[in-house]
Amino acid sequence: MKRLTTLQIQEKKERGEKIVMLTAYDALSAILAERAGIELLLVGDSLGMVVLGYDSTIPVTIEDIIHHAKPVVNATSKAHIVADMPFGSYQTGWQDAMKNATRLMKLTGATSVKLEGGVRIAETVKKLVDAGIPVMGHVGLTPQSVNSLGGYKVQGKTPRSAVKLIHDAKALEEAGSYAVVLETIPAALSHMITSRLNIPTIGIGAGPYCSGQVQVFHDILGLYDDFSPRHTRKFVDGSSLLSQAIIQYRESVEQESFPSDDESFFMEERNKKLINKMIENETHVIDESYQTVTKTEIN
Ligand code: KIV
């Protein structure tokens, strides 16, 4: 089965079909997403926060992304897999970007890579695209720049910053990006950007006018009960559901109702008797290669 291509993603946009992307970080999340009909999976550096327990995406390494992208690719057959380029893997110049992007693609089988930034990284994007690496861009709130943005704030609220973001998105399209993520910007601005670009825009916290939407797996499933960004929607209270199930498991073991006969394996009565006899009479011993042998065989 062939994976969704960048050309098919463009065709979806042209047909006016919404593009749906979800993050995935392991085989299970990828299987669930693909089974639900999600055609675009992002192995995002958000894994630093939702899987690895960091408080930002900054510490995520290229090895982390490789480690998590492999099972996502292995467990799926149709989805287009986007691998995030983490902080430090492309900001140091296009040569480093090329080395890291080719490693990501070779070692994981991902179908494209994603980089944060606009005009600033356009040259790097062009080099990657020229080398045959499909690139998804990402502008607006770019979490890898959280320290210079002064926090996780809505971007592009002033006319000047909005115009800059329009230029950033346009620069990515001109450099050859096949799509661009718009993160945490006013809906009206994402509307302006989407109508000025030929490539699809994928929004997160950017309102309804984008060509598609992307969300974090753990957010839509409500897996963290203490954190829910405004731009997301909990389609299930996963944290309560899973916690309840784990409590039931603990209680069942403590109250000795788990495992039941149905959840256990049994041995034939005559084998039980034979084992007891063998042990009592010491007629058999275990040799160094873990074979049971009769005593007469070794004497
Ligand atoms: O890492 C990530 O999950 C992302 C999305 C929020 C777009 O970059």
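Counting convention: from 1, in listed order, for ligands and their atoms alike. This one's a predicted model, so the numbers in the text were calculated from it and none came from an experiment. Starting from 1, each residue takes its place in the sequence as its number.
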(request) With heavy atoms only and a cut-off of under 4.0 Å, state how T23 meets ligand 1: side chain, backbone, both or neither. (result)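 Side chain only.
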(message) If we set the cut-off at 4.0 Å for heavy atoms, which region of T57 has an atom near ligand 1: side chain, backbone, both, or neither?
(response) neither
So that I can tick it off, tell me whether [Y] and [X] are bridged by a salt bridge, with the cut-off set at under 4.0 angstrom between side-chain N and carboxylate O.
| X | Y | value |
| --- | --- | --- |
| E39 | R3 | no |
| E268 | K273 | no |
| K272 | E269 | yes |
| K126 | E123 | no |

(request) Could you tell me if the ring centre of H80 sits under 6.0 Å from that of Y178? (result)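 Yes, close enough.
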(request) Run the numbers for me: atoms of ligand 1, each under 4.0 Å from some heavy atom of G44, listed by number. (result) 1 (O), 2 (C), 3 (O)
Among all protein heavy atoms, pick the one closest to [atom] and tell me residue, atom and distance.
| atom | value |
| --- | --- |
| atom 2 (C) of ligand 1 | S46 OG, 3.3 Å |
| atom 4 (C) of ligand 1 | L42 CD2, 3.5 Å |
| atom 6 (C) of ligand 1 | I204 CD1, 3.6 Å |

(request) Work out whether the distance between some heavy atom of E116 and some atom of ligand 1 is less than 4.0 Å. (result) no
(request) Give a yes/no on ligand 1: does K114 have at least one heavy atom closer than 4.0 angstrom to it? (result) yes
(request) Starting at CD1 of I166, measure out to OG of S195 and round the result to the nearest 0.5 Å. (result) 8.5 Å
(request) Start with the C-alpha gap between H218 and T23, add the side-chain angles, then the distance that decides, and say whether side chain to side chain contact (heavy atoms under 4.5 Å, CB included) holds. (result) CA-CA 9 Å; H218 296 60; T23 63; 5.5 Å; no
(message) Taking distance alone, with N or O pairs closer than 3.5 Å, would you say Y25 contacts ligand 1?
(response) no
